[in-house]
Every structure is written in structure tokens, then in C-alpha cells.
2 protein chains.
Amino acid sequence: MIGAMEDVRRDDVRRDDVRRDEAVRGLEHEIGRLLRRVRRGLTDRAAQVDPELNATAYPLLATLAEFGPHRASDLADMFALDKGAVSRVVHQLLELDLIERTPDPKDGRASILSVTSKAQARLALMVEARREEFGARLSGWEPEKIDELAQGLARFNAVISD
Amino acid sequence: MIGAMEDVRRDDVRRDDVRRDEAVRGLEHEIGRLLRRVRRGLTDRAAQVDPELNATAYPLLATLAEFGPHRASDLADMFALDKGAVSRVVHQLLELDLIERTPDPKDGRASILSVTSKAQARLALMVEARREEFGARLSGWEPEKIDELAQGLARFNAVISD
DNA sequence: AGTCATGGTTGTATTTTGCAACCATTTAGT
DNA sequence: ACTAAATGGTTGCAAAATACAACCATGACT
């Protein structure tokens with residue numbers, strides 16, 4: 001009797017697993033769409049901030065803007081990029097006056113990279129342009145629904161991140 | 001009187017807009033995290049399918065696997081990639097026996113690209129490995145919640161696409 | 001002090017990309 | 001039906017991005 005009950009419970013768990021797998025498949029599907037879409041828009045947004053910016057430099061800059069000052073090696077880690085490549089991109093961004101570098105007081109080897117006010121202004125303009133572009137489309141969405149989606153993604157991010 | 005009432009209503013709309021802006025900012029924050037994370041894992045997954053696969057060829061292959069056969073120019077559009085670049089990647093994938101090409105019956109110029117059974121098997125193995133990796137972490141999530149997130153993303157994708 | 005790890009720069013070879021020219025085929029205009 | 005323009009695809013070429021390794025300076029650990 002008890003054995004049969006355990007079988008039923010195990011079947012329930014299995015069925016739940018299958019449904020979860022399907023749900024995850026659907027989620028990955030949407031993430032893929034999002035990824036492709038963002039990838040398409042990346043070059044445009046980068047150009048909007050500065051015509052000289054390429055598809056690698058822009059995400060680095062955006063990361064510094066969003067998460068605050070970081071070291072070059074942090075960026076290399078975040079993007080799984082060669083530190084040599086990061087070094088060159090950093091020099092480009094310095095040349096464009098989009099980031100600035102200050103010595104790390106805690107570590108004589110390192111420098112802290114932060115966005116300049118120029119970059120902040122450019123990014124703000126870009127965000128504003130995007131907001132106007134999407135404003136009409138998003139107007140049908142209640143802020144609560146958007147929050148809900150953001151929170152769901154946050155949970156998902158937490159789950160999949162080490 | 002009526003003028004005052006309209007002012008109040010307009011104020012409500014403005015306040016809603018501000019809240020929506022904040023919500024969108026939060027959403028973009030999470031999307032950024034997600035994309036960075038996915039980007040980091042991309043190379044690994046590509047290598048899991050085939051060691052020769054680079055970070056560009058894999059998304060193309062995955063797209064063919066998910067959305068079915070497409071023409072090279074479709075892929076170029078989807079990824080905003082130069083058609084020359086796509087052409088070369090396609091040849092690599094053909095060489096690796098991961099995709100196959102058949103003439104388009106509707107258009108003498110075009111070819112239809114589709115994944116081979118070999119690629120399907122490799123992709124299935126990769127998905128399985130990922131599922132095992134995330135299985136434990138996702139086990140705390142009810143399938144309904146995952147579906148909810150996927151549907152939210154789907155709506156968002158629909159909103160921001162063309 | 002001595003060894004090793006880490007942050008960063010630079011040289012070099014390889015890969016990837018974008019642009020343009022080109023061919024074959026299809027579509028549009030008249 | 002005939003020409004002109006557009007589209008799918010390949011290839012050559014030059015510019016760019018990247019990985020890899022060597023290297024220097026600093027810091028951490030023993």
C-alpha cells in the first residue's frame with residue numbers, strides 16, 4: 001500500500017519535471033529571440049553613443065555606466081574576453097574621452113575605470129531616444145506587469161548565476 | 001472645473017509614465033545581466049556541440065535547429081550580419097556536416113539550409129547536459145512560474161520587434 | 001628574500017568582419 | 001516581351017578584432 005502511494009508521488013514528481021523541462025524550453029526560446037533582437041540593435045545603439053564605438057566597446061562602456069567603476073580585469077572576467085583585447089578597447093575608450101582612469105588606491109598595479117560625464121550624457125541621450133521609440137508600444141503595459149517581468153528575470157538570473 | 005479635472009487626469013498619466021520608465025530601467029538592467037551571462041556561456045555551449053564551432057556559427061546553427069530550415073539571407077537578416085560572412089560560416093557548417101543544403105524549389109537562386117541529424121543529436125546532448133546542470137537549481141521553481149516568465153518575455157519580444 | 005599569482009601592456013599570427021565586385025535568377029515597369 | 005532593377009549567393013581584399021604569449025611592475029604568501 002505504502003509502496004503504491006510512493007509510486008504515485010514519484011509519478012507526480014516526474015510529471016512535474018517534464019512540465020518544467022517544457023517550460024524551460026519555452027523560456028530558452030524567448031531568451032534566444034531576445035538575444036538575437038538585442039544583437040541586431042547593438043550596433044545601432046553603439047553608433048548612437050559614438051560613431052567610433054564598435055560592438056565590443058559599447059557593452060563594456062554600458063557595463064561601467066550601469067555597475068559603476070571597475071578594473072579592466074573585472075571587465076575581462078565579466079565578458080570572458082582576453083585581457084589584451086580589453087586593454088586595447090580601454091585605450092580606445094580613453095582616446096574617445098568616454099572613460100577615465102584613476103589609480104587603484106588599494107592596488108598599485110590596477111586602475112579604476114569609470115565613465116566620463118561626456119559618456120553619461122551620450123548614454124542618457126541614447127536611452128531617451130530609445131524610450132521615445134518604445135514609449136508608444138510600451139504604453140499598453142502597466143508598470144506592474146513590467147516590474148513583474150523584471151523580477152521574474154532577476155530570480156532567473158539569480159538561479160543560473162554561480 | 002473641467003479644466004482642473006483634465007489636469008488631474010493628465011497628472012495621473014504622467015505619473016504612470018514615470019513609473020513605467022523606472023520599471024523599464026529595472027527590466028533593462030535584468031536583461032543586461034541575462035545577456036552577459038548567456039554571452040559568457042555561449043562559447044562553452046558551442047564547444048560542447050563541436051570543438052570547431054565558433055561563437056558566430058553556433059547561434060546560426062541553433063537558430064536553424066529551433067526555427068527550422070531557412071535561407072542564408074534569412075540568417076544574415078536575423079543576425080544583422082554581412083551576407084558574405086554568413087556564406088563562409090555556412091560553408092564551415094557544411095564542412096562539419098552539421099547542416100545540409102537543398103535547392104529552393106521556389107527560387108532558383110536560393111538554397112534552403114537545415115540541420116543534419118548529426119547536429120540534432122549533438123544539440124540534444126548539449127541541451128541534456130544543460131538540463132542536468134540547471135535541474136537542481138530550477139527544481140525550486142514551479143513550471144507555472146517559468147511559463148509566466150516565458151510568456152512575459154514573449155510579450156516583451158513582440159513589443160520591441162519591428 | 002624568494003617564489004608565485006595578479007593587473008596590465010604590447011607584439012604577432014590567426015580569425016572574423018565588412019565592403020565591393022561579380023554572376024545567376026527573379027521581379028517590376030513599360 | 002524586353003529591359004532595368006532587385007535579390008541570393010560567392011569570392012577577393014583590406015581592416016578590424018581576438019587569442020596567445022612574452023614581458024614588466026606590484027602584491028601576496030611562506
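Below, chains carry the letters A, B, ... as their sequence lines are ordered, and counting in each starts from 1.
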Check ion pair B:E22-B:R19 (N to O, under 4.0 angstrom):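 Looking at B:R19 together with B:E22, the answer is no, because their closest N to O distance does not fall below 4.0 Å.
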Can you measure [X] atom [atom1] to [N] atom [atom2] for me and round it to whole angstrom units?
{"X": "B:F79", "N": "C:dT17", "atom1": "CZ", "atom2": "P", "result": "12 Å"}
{"X": "A:R88", "N": "D:dA16", "atom1": "CZ", "atom2": "P", "result": "14 Å"}
{"X": "B:I112", "N": "D:dG8", "atom1": "CD1", "atom2": "P", "result": "11 Å"}
{"X": "A:K83", "N": "D:dC23", "atom1": "NZ", "atom2": "P", "result": "14 Å"}
{"X": "A:E95", "N": "D:dA16", "atom1": "CD", "atom2": "C1'", "result": "17 Å"}
{"X": "B:D104", "N": "C:dT26", "atom1": "CG", "atom2": "P", "result": "10 Å"}
{"X": "A:H91", "N": "D:dT18", "atom1": "NE2", "atom2": "C1'", "result": "16 Å"}
{"X": "B:L93", "N": "C:dT16", "atom1": "CG", "atom2": "P", "result": "12 Å"}

Nearest-nucleotide comparison on DNA chain D, the residue closer to the 5′ end among B:V90 and A:V89: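 Final value for this comparison: B:V90.
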Along DNA chain D (nearest heavy atom to each residue), the more 5'-positioned of B:A85 and A:A85: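 It is B:A85 whose nearest nucleotide is closer to the 5' end.
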base_contact_polar (C:dT26 base, B:R109 side chain, donor-acceptor, <3.5 Å): no
Distance-only donor-acceptor test (3.5 Å): side chain B:R101, base D:dG8: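 No pair found.
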Shortest non-hydrogen separation from A:L149 to B:L153 and the atoms involved: CD1-N, 3.6 Å
Nearest non-hydrogen partners of B:D147 and A:A23, listed with the distance: OD1-CB, 3.4 Å
Intermediate values then yes/no, side chain to side chain contact (heavy atoms under 4.5 Å, CB included), A:I112 and A:R71: CA-CA 5 Å; A:I112 307 285; A:R71 296 178 305 176; 4.0 Å; yes
Contact under 4.0 Å: A:Q92 side-chain N or O vs D:dA16 OP1/OP2: no
Within-4.5 Å side-chain heavy-atom neighbours: B:L98 and B:L53: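 Contact flag for B:L98/B:L53 side chains = yes.
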Sub-4.0 Å heavy-atom contacts from residues 49-76 of chain A onto DNA chain D, ordered by number: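 Contacts with DNA chain D under 4.0 Å: A:N54, A:T56.
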Reported CD-to-CG distance for the pair B:Q92 and B:L96, which is rounded to 0.5 angstrom: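 That separation rounds to 7.5 Å.
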A:H70: ring pair (Phe, Tyr, Trp, His ring centres under 6.0 Å) partners, not counting sequence neighbours: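 Residues passing ring pair (Phe, Tyr, Trp, His ring centres under 6.0 Å) with A:H70: none at all.
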Touch class at under 4.0 angstrom, heavy-atom based, for A:D82 against every strand present: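 Base: the residue A:D82, judged by heavy atoms under 4.0 Å, touches a nucleobase.
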Over 12 non-hydrogen atoms of neighbours within 6.0 angstrom of CD in B:E95: no
Stepwise side chain to side chain contact (heavy atoms under 4.5 Å, CB included) check, A:F156 with B:R137: CA-CA 10 Å; A:F156 184 72; B:R137 309 182 190 196; over 6 Å; no
Terminal helix-axis angle for the helix from C:dA1-D:dT30 to C:dT30-D:dA1, with five pairs defining each axis and rounding to 10 degrees: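 About 40° separates the two local helix axes.
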